[in-house]
Asker: 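Shown below is the structure under consideration.
For reference, positions follow the sequence shown, starting with 1.
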Amino acid sequence: MTKAAWIAVVIAGCGGGQGAPSGQASGAVSGGGASGAASGSAGDREPGFFAAAGAPAPGACAADIDCVVAGTLDDSGCCWSYRELGAVAQSRAYASWAKGWKAACVDAQCPSPPVPQERAACLEAVRCVAGRCRNSCE
């Protein structure tokens with residue numbers, strides 16, 4: 001695929017360059033939203049995590065290796081939320097999915113990040129506890 005064709009695909013997927021990937025405005029939810037288009041059942045959605053159809057479970061894990069520390073998307077799904085200073089325990093699969101989803105938001109107008117601060121060491125240490133990714137602060 002040529003570079004021009006790839007750009008056209010990305011723009012078309014973002015609703016003509018108007019921010020969010022296609023389908024996001026009508027089917028995406030953040031946290032415990034009520035839309036039926038979100039991944040999984042209402043009980044599967046996790047507060048504080050942007051979700052859309054096809055998104056992996058944000059905190060699901062089977063082993064410590066399945067968990068990472070990463071930023072989370074805000075309610076728009078196109079900007080980082082910077083909650084917990086960008087150090088949120090989550091599944092490796094969800095972090096990868098969120099990064100790809102955000103990359104499709106070519107025209108999103110996101111706020112500037114906050115002034116960098118030192119994060120507590122316990123935010124960086126993640127593990128899988130009872131099938132959920134958790135940091136050591138919890």
Asker: Ala57 and Tyr94: which non-hydrogen atoms are nearest, and at how many Å?
Answerer: O-CB, 3.9 Å

Asker: Shared ILVMFWY cluster between Val68 and Val88, side chains joined below 4.5 angstrom?
Answerer: no

Asker: Can you find a pair of side-chain heavy atoms, one from Asn135 and one from Glu124, that are under 4.5 Å apart?
Answerer: no

Asker: For Arg134, enumerate each residue passing the salt bridge (charged side-chain N to carboxylate O under 4.0 Å, His left out) test, keeping only those at least two apart in sequence or located in another chain.
Answerer: Glu138

Asker: Can you sort out the partners of Asp66 under side-chain contact (heavy atoms from CB on, under 4.5 Å), two or more places apart, ordered by chain and number?
Answerer: Cys61, Ala62, Ala63

Asker: With sequence neighbours left out, what residues match Ser136 under side-chain contact (heavy atoms from CB on, under 4.5 Å)?
Answerer: Cys122, Ala125, Arg127

Asker: Do Arg92 and Ile65 have side chains that approach each other closer than 4.5 Å (heavy atoms only, starting at C-beta)?
Answerer: yes

Asker: Provide the closest heavy-atom pair for Ala70 versus Gln90 in the form atom of the first, atom of the second, distance.
Answerer: O-NE2, 3.0 Å

Asker: Got a sec, which residues hit side-chain contact (heavy atoms from CB on, under 4.5 Å) with Ser81, two or more places apart in sequence or on another chain?
Answerer: Thr72, Asp74, Arg83

Asker: Can you tell me if the gamma sulfurs of Cys133 and Cys128 sit closer than 2.5 Å?
Answerer: no

Asker: Locate the shortest heavy-atom distance separating Ala89 from Phe49; write the atom from each residue and the value.
Answerer: O-CZ, 3.7 Å

Asker: Please assess Cys105 against Cys78 for the test disulfide (SG to SG under 2.5 Å), listing each intermediate value before the final yes or no.
Answerer: CA-CA 6 Å; Cys105 300; Cys78 286; 2.0 Å; yes

Asker: Look at the rings of Trp101 and Phe50 and say which category their plane angle falls in: under 30° parallel, 30 to 60° tilted, over 60° perpendicular.
Answerer: tilted

Asker: Grab the two heavy atoms, one from Pro111 and one from Cys79, that are nearest each other, plus how far apart they are.
Answerer: CD-SG, 4.2 Å

